[in-house]
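So the structure is just underneath, and the comments pick up after that.
So you know, we letter chains A, B, ... as the sequences are listed, proteins then strands, and number each from 1.
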Protein chains: 2
Amino acid sequence: MSLCNSDVTVQDERARACTVSEVLGRVGSKWSIGILVEAANGPVRFTELERAVEGISRRMLTLTLRNLERDGLLTRTVYPTVPPKVEYTATEMARELYGTLVQLTSWAERHRTAIAHAQDVYDRANQ
Amino acid sequence: MSLCNSDVTVQDERARACTVSEVLGRVGSKWSIGILVEAANGPVRFTELERAVEGISRRMLTLTLRNLERDGLLTRTVYPTVPPKVEYTATEMARELYGTLVQLTSWAERHRTAIAHAQDVYDRANQ
DNA sequence: CGGTATCCAGTTCGATACTG
DNA sequence: CAGTATCGAACTGGATACCG
């Protein structure tokens, strides 16, 4: 199975979204998953995300949000109030992904310690 | 929902595998998914992977394989023949992940062009 | 065949400070 | 509240060459 389909006509826009590996590079990036899961259940605000996605810096949150918005996975809504209020909502496309992301995090959760242990073993074998 | 469970005792080994975001950082890295999908259906050899995972360099293939082996997702078997033969096999833990990874790649496949289009729109709006 | 070694450009990311 | 700006350290990843 090829992840980057080459059996497509040359004229399409494959050059822009070479695809699966590229797309997953964004969607699967360290912070994207957390943000997408968070945003899947209704709109979230910037500060909510900052608290919910533990360990993320303000800078990375901003950058990741911009990328997700650019990819059409989040919509950004600004309410011109004082103080300003900005909400991020998952698009339909992103919500389709939700179930898979939950499976992914659940898998990671279940095997967290097994992975940490495997690393210990490996590192001891290759001091 | 917190992706990085903080409601665990302080004494556990969370420090090592802070977890979901860390684990996903590896599993979801650009090349890991392709390699894992490839290895899920029986053993694969180094050169097979080099051909199957399009665009990967020899160096990155080696590095990614080492990481996956370290994480306990792949086992590496060396046959002391001439020329040497090395096989990589997905562990049970990795095979559990297979279905999810297929969903993920399938989603990426379906929305590839929509994402590319969203980027175009976004970029035009923010020249 | 299945790697390793080296170099180096580019990218990522945290820390910190500032703003409408 | 929701960002932006800037800097430097660290990591990533490609190219190339060599090896048992």
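The backbone N or O of B/Val86 lies less than 3.5 Å from no partner atom in the side chain of B/Arg76, so there is not a single donor-acceptor pair. Judged by distance alone, the side chain of A/Thr89 and the main-chain N or O of A/Pro43 form no donor-acceptor pair under 3.5 Å. A donor-acceptor pair under 3.5 Å is formed between the side chain of B/Thr91 and the backbone N or O of B/Gly72.
Side-chain contact check for A/Arg110 and A/Ser106: at least one donor-acceptor pair (N or O, by modelled atom type) lies under 3.5 Å.
In this structure, A/Arg45 atom CZ and D/dA2 atom C1' are separated by 9 Å, rounded to whole Å. D/dG3 atom C1' lies 10 Å from atom CD of A/Glu50, rounded to whole Å. The CZ atom of B/Phe46 sits 6 Å away from the C1' atom of C/dG2 (whole-angstrom rounding). Straight-line distance from the CG atom of B/Leu61 to the P atom of D/dT12: 16 Å, rounded to whole Å. Rounded to whole angstrom, the span from the CG atom of A/Leu49 across to the C1' atom of D/dG3 amounts to 13 Å. The distance between atom CZ of B/Arg51 and atom C1' of C/dG2, rounded to the nearest whole Å, is 13 Å. When the C1' atom of D/dG13 is taken as reference, atom CZ of B/Arg66 falls 17 Å away, rounded to whole Å. B/Asn126 places its CG atom 11 Å from the P atom of D/dT4, with the value rounded to the nearest Å.
In terms of position on DNA chain C, the residue among B/Lys85 and A/Pro84 whose nearest nucleotide sits closer to the 5' end is B/Lys85.
Note on A/Thr47: a side-chain N or O is less than 4.0 Å away from OP1 or OP2 of D/dA2. In this structure, A/Arg76 reaches the D/dG3 phosphate: one of its side-chain N or O atoms is under 4.0 Å from OP1 or OP2. Taking side-chain N and O atoms only, A/Tyr88 has no distance below 4.0 Å to OP1 or OP2 of D/dC1.
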Listing time: all N or O pairs from protein to nucleotides 11-18 of chain C that are below 3.5 Å?
unit_1 : atom_1 : unit_2  : atom_2 : d
C/dC13 : N4     : A/Arg59 : NH2    : 3.2
C/dG14 : OP2    : A/Ser57 : OG     : 3.2
C/dG14 : N7     : A/Arg59 : NE     : 3.3
C/dG14 : O6     : A/Arg59 : NE     : 3.2

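Terminal axes of the helix from C/dC1-D/dG20 to C/dG20-D/dC1 (five pairs each, C1' rotation axis) are separated by 60°, to the nearest 10°.
Under the side-chain contact (heavy atoms from CB on, under 4.5 Å) test applied with B/Ile35, the options B/Leu61, B/Val44, B/Asn67 reduce to a single match, B/Leu61.
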Practice problem: Go through B/Trp107 and A/Met93 one step at a time and tell me if the side chain to side chain contact (heavy atoms under 4.5 Å, CB included) criterion holds. | Solution: CA-CA 9 Å; B/Trp107 178 93; A/Met93 186 160 69; 3.7 Å; yes

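Between A/Arg95 and A/Glu92, at least one side-chain N (NZ, or NE/NH1/NH2) sits under 4.0 Å from a carboxylate O, which counts as a salt bridge.
Side-chain contact between B/Asn41 and B/Tyr98: present, with at least one pair of heavy atoms (C-beta onward) separated by less than 4.5 Å.
Taking both residues in full, the closest heavy atoms of B/Ile56 and B/Val53 are given as CG2-O, 3.1 Å, listed atom of the first, atom of the second, then distance.
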